[in-house]
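Here's the structure we're looking at; comments come further down.
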Amino acid sequence: GDSVTQMEGPVTLSEEAFLTINCTYTATGYPSLFWYVQYPGEGLQLLLKATKADDKGSNKGFEATYRKETTSFHLEKGSVQVSDSAVYFCALRGANSKLTFGKGITLSVRP
Amino acid sequence: GAGVSQSPRYKVAKRGQDVALRCDPISGHVSLFWYQQALGQGPEFLTYFQNEAQLDKSGLPSDRFFAERPEGSVSTLKIQRTQQEDSAVYLCASSSTRVGREQYFGPGTRLTVT
């Protein structure tokens, strides 16, 4: 079945540091890939998405590229801010419409 | 409201009690999903509706879990004879039929079974 693997956390960075959060997936067919974010006390929000190979999703300075050859969708940001502190989930949507999530990773950014 | 709403936000149940969790999707959204999120884990799929039809219930963990959406709008997730392992956050999401079909999530209901 479909699965998503995220790197282990938590991650703590200083403000303006470079961020990479790794995500790899296993799926049949051609899934769409997503990053969701959960800020403290808030619900899950879509951060960015990519629907086919080599697509790059981007939002709020975050980027991720759909790499079919490595089955990856790593999240990157060039300069993190304190306000980026949250839990980040990688997810895929297969042909059956449901989302399959990774375990999530907590990011803390120090001033 | 503009978003997905869920009620109650918090529910404490004694083991063996029945609970009902409500989801109001975004108006006009055809698809509705339920997910279960255990502490420290990612959400896991429970069930999916398109209008009033339950198209996939493969994620429901046992026959104590039941979901309905009788008029194709509001949905209720019912858990009978709750057990401690049912303690989790239950998330509802809805999506339209437009291209992209993004799922918009509600704030969740935190269920604690004592």
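Within every chain, numbering begins at 1; the chains are lettered A, B, ... in the order of the sequence lines, protein sequences first and strands thereafter.
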* Might you confirm whether atom CD of A/Glu8 has over 12 heavy atoms from other residues, nucleotides or ligands at distances under 6.0 Å? => no
* **Note, B/Gln41 side chain near A/Phe89 side chain (heavy atom, < 4.5 Å)** => no
* Should we count CZ of B/Arg15 as having more than 12 external heavy atoms under 6.0 Å? -> no
* May I ask you to decide if A/Leu99's main-chain N or O and B/Tyr35's side chain share a donor-acceptor pair within less than 3.5 Å? => yes
* To do: Would you please indicate yes or no on a ring centroid separation below 6.0 angstrom for B/Phe105 and A/Tyr36?
  => yes
* **A/Tyr30 atom OH, over 12 foreign heavy atoms within 6.0 Å** => no
* **N/O donor-acceptor pair under 3.5 Å between B/Gln103 side chain and A/Ser97 backbone** => yes
* To do: Evaluate whether atom CD of A/Glu69 has more than 12 neighbouring non-hydrogen atoms of other residues, nucleotides or ligands under 6.0 angstrom away.
  => yes
* Sorted by number, residues from residues 72-88 of chain A in contact with chain B (heavy atoms, under 4.5 Å) -> none
* **Interchain contact, A/Glu42 with chain B, by part (heavy-atom threshold 4.5 Å)** => neither
* Would you mind checking which part of B/Leu55 comes under 4.5 Å of any heavy atom in chain A, side chain (CB onward), backbone (N, CA, C, O), both or neither? => neither
* Asked: Is the shortest heavy-atom distance from the side chain of B/Glu44 to the side chain of A/Lys98 under 4.5 Å?
  -> no
* Asked: Among all residues two or more places apart in sequence or in another chain, which pass the side chain to side chain contact (heavy atoms under 4.5 Å, CB included) test with B/Cys92?
  -> B/Val4, B/Gln6, B/Cys23, B/Leu32, B/Trp34
